[in-house]
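Comments concern the structure below.
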Amino acid sequence: MIDPRRLRLEIGSIAERLRLRGIELDVARLEELETRRKRMQEEVERLRNRRRAASRQIGEAKAAGDDIAPLVAAVGNLGDDLAEAVRQFDAVRDELSEFVNALPNPPDDSVPPGRDETDNVELRRWQEPVDFNFEPRDHVSLASASLDLEAAAKIAGSRFSVLRGPLARLHRGLTQFMIDTHVLEHGYEEVYVPYLVDRRTLVGTGQLPKFEDDLFAIDGERDQFLIPTAEVPVTNLIRESILDYAELPLRFVAHTPCFRSEAGNYGKDTHGIFRQHQFEKVELVQIVDPAKSWDALDELTAHAETILRKLELPYRAVALCAGDLGFAAAKTIDLEVWLPAERRYREISSCSNFLDFQARRMLARYRNPETGRPNYVHTLNGSGLAVGRTLIAVLENYQDGNGAVHVPDALRGYMGGSTRLDL
RNA sequence: GGAGGGGUGGCUGAGCGGUCGAAAGCACUGGUCUUGAAAACCAGAGAAGGGCGACCUUCCCAGGGUUCGAAUCCCUGCCCCUCCGCCA
């Protein structure tokens, strides 16, 4: 959520920054809502103040043994007036909060301008792609019988996968490797969290109210959704709380399945397991002192990069342009891994600083030691990494030209010492 | 699924339909004392929102209701705890 006060005072510059995202802020409507809100709020508070004073007087009169009948009569239809004013005020406030909740985070000044992914800016590359002296095969071909997409389609439909034997083990091994690295080397606390969450939780991180179509909802009485990422339950751990300053930064790592409807992506990435309705991800979440969130973004991104480096997978880091930013992010660095069969870099991690955007929605604060007052924390998260896509990258980058795939050195311990996959 | 007990400030925990944002303790901040610290004593201090400001409003799980007035009474829902049953 954008700071309502800043929205009022700096409406021009905020509108300008939202324009970079391709969002035209309806300034006239916002100002009209604000004017009504202010008028109704003052009216409600004035009436409530009168009621309070009158009730207190009646209480005092009663305690003194005086006749309270004239005082009660003098209250008149204050109650009805107040109820009507409250009704109007609630209506404006709901309209206003719906309007404000639908506004994305204005991009940080360091975010490159642009409309879509073609305007993203490459920041750095690590390792040049291996120049195979043969035609590289894609992950579906390499995985052969260990990847059973027909079985998945039979039992669940399209965009699901069944992994068998060595491929299932590689998938599990990658997950363990990632978690271990973040816990043991980067100091994250591992957490296990629910995969179903309620509406309030999704509003907290920004998936709702705007993007309900992207989620899988649970049918029936329970108003719950399958999580689209661990970011949702993990970041919400600190919702509606005031943290001690000494607790910061909080660093959580969680491994969860992620569920996405992929509405609007029909026909996109339909080959193989690149884009699935269900996939596994190891997610990094940080809750930090607002003064330190930009350093934290670099640090968190480096933690994700460590996984790629240990696996010796060529990748590049790109800064998302304003038009390609997610709803809640003020800035995002994507890590893109090289996929030989596609001959291009593809997203494998997305690391973002949300500043106080999510914290405001969640009412997540820390006690500022200098003022003793609560301030909003800053939240960040990033994939470290998307497991299914890492699996693709390992298969394709570690193929030997004869249809065999070697096990990256870093994974040997997670694969029973095997040096190659018997797919 | 059955029976019972609860949800009050950062935490623990009192609270009679009225002057209750709410006792007390812990934790916190400032001061006194001390070479320093601790202890003790004194004082301050909840959260959200509005207003340039003096100030004002809201908040005792949530939503309704009764009332001039609700933390307190009534209804509904949610959550937690204990016991029984079932169960990985």
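Naming: A, B, ... by sequence-line order, numbering from 1 per chain.
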Task: Within the 6.0 Å centroid threshold, strictly below: A/H255 and A/Y192 - done: no
Open item on the list: Over all strands shown, is A/P4 touching base, sugar-phosphate only, or nothing at heavy-atom distances under 4.0 angstrom?
Closed with: nothing
Open item on the list: Taking any heavy-atom pair under 4.0 Å as a contact, classify A/R93: base, sugar-phosphate, or nothing.
Closed with: nothing
Over how many whole Å does the gap from [X] atom [atom1] to [N] atom [atom2] extend?
X: A/L96; N: B/G50; atom1: CG; atom2: P; result: 10 Å
X: A/D223; N: B/A62; atom1: CG; atom2: C1'; result: 15 Å
X: A/I238; N: B/G10; atom1: CD1; atom2: P; result: 16 Å
X: A/D244; N: B/C26; atom1: CG; atom2: P; result: 18 Å
X: A/R200; N: B/C61; atom1: CZ; atom2: P; result: 18 Å
X: A/N375; N: B/G46; atom1: CG; atom2: P; result: 16 Å
X: A/D66; N: B/C68; atom1: CG; atom2: C1'; result: 16 Å
X: A/N368; N: B/U29; atom1: CG; atom2: P; result: 13 Å

Task: Side-chain N or O of A/N49 closer than 4.0 Å to phosphate OP1/OP2 of B/U57 - done: yes
Open item on the list: If you compare every side-chain N and O of A/R8 against the phosphate oxygens of B/G51 (OP1, OP2), does one of them come in below 4.0 Å?
Closed with: yes
Any idea which of [options] is nearest the [X] side chain?
X: A/I242; options: B/A48, B/G10, B/G69; result: B/G10
X: A/V72; options: B/G49, B/C68, B/A47; result: B/C68
X: A/R367; options: B/A48, B/G10, B/U57; result: B/G10
X: A/L363; options: B/C68, B/C56, B/A48; result: B/A48
X: A/R48; options: B/C68, B/A48, B/U57; result: B/U57

Opposite nucleotide pairing with [N], Watson-Crick or G-U, both atom distances under 3.5 Å:
N: B/C73; result: B/G65
N: B/C83; result: B/G2
N: B/A40; result: B/U32
N: B/A47; result: B/U58
N: B/A23; result: none

Open item on the list: If you assign each of A/G79 and A/Q41 to its closest nucleotide in RNA chain B, which residue comes earlier from the 5' end?
Closed with: A/Q41
Open item on the list: By nearest heavy atom, map A/R360 and A/V44 onto RNA chain B; which one lands nearer the 5' end?
Closed with: A/R360
- [ ] Using heavy atoms and a sub-4.0 Å distance, could you list which residues of residues 25-37 of chain A are near RNA chain B? By number, please.
- [x] A/R37
If I pick the [atom1] atom on [M] and the same atom on [N], what distance separates them, to the nearest angstrom?
N: B/G17; M: B/G65; atom1: P; result: 22 Å
N: B/A71; M: B/G21; atom1: C1'; result: 10 Å
N: B/U8; M: B/A3; atom1: C1'; result: 27 Å
N: B/C81; M: B/G30; atom1: P; result: 39 Å
N: B/G31; M: B/A39; atom1: P; result: 16 Å
N: B/G25; M: B/U35; atom1: P; result: 30 Å
N: B/U72; M: B/G1; atom1: C1'; result: 34 Å
N: B/G10; M: B/C60; atom1: P; result: 13 Å

Open item on the list: Using the rule salt bridge (charged side-chain N to carboxylate O under 4.0 Å, His left out), only one of A/R39, A/R8, A/R5 pairs with A/E34; which is it?
Closed with: A/R8
What does the list of N/O pairs under 3.5 Å between the protein and nucleotides 16-20 of chain B look like, with a distance for each?
unit_1, atom_1, unit_2, atom_2, d
B/G18, O6, A/K62, NZ, 3.2
B/G18, N2, A/S55, O, 2.8

Is there any salt bridge (Lys or Arg N to Asp or Glu O under 4.0 Å) pair reaching into [range], and which pairs are they, with sequence neighbours excluded?
range: residues 294-308 of chain A; value: A/R124-A/E305, A/R251-A/E299, A/E305-A/R309
range: residues 141-159 of chain A; value: none
range: residues 270-293 of chain A; value: A/E262-A/R275, A/D269-A/R275, A/K281-A/E283

- [ ] Kindly confirm or rule out a cation-pi arrangement of A/R412 over A/Y414, judged by NZ or CZ under 6.0 Å from the six-membered ring centre and within 45° of its axis?
- [x] no
Open item on the list: salt bridge (Lys or Arg N to Asp or Glu O under 4.0 Å) for A/R87 and A/E84? Distances and angles first, verdict last.
Closed with: CA-CA 5 Å; A/R87 198 191 58 72; A/E84 173 57 21; 3.0 Å; yes
TODO: Under the ring pair (Phe, Tyr, Trp, His ring centres under 6.0 Å) rule, collect the residues that match up with A/F211, sequence neighbours excluded.
DONE: A/F327
Task: Test side-chain contact (heavy atoms from CB on, under 4.5 Å) applied to A/F99 and A/R29, step by step - done: CA-CA 9 Å; A/F99 184 89; A/R29 175 160 156 70; 3.9 Å; yes
Open item on the list: Main chain of A/W338, side chain of A/N397: is a donor-acceptor contact present, judged purely on distance under 3.5 Å?
Closed with: yes
Open item on the list: For A/P228, is there any backbone N or O sitting under 3.5 Å from a side-chain donor or acceptor partner on A/R260?
Closed with: yes
Open item on the list: The test is side-chain contact (heavy atoms from CB on, under 4.5 Å); show your working for A/S241 and A/L243 and say whether it passes.
Closed with: CA-CA 6 Å; A/S241 57; A/L243 302 166; 4.2 Å; yes
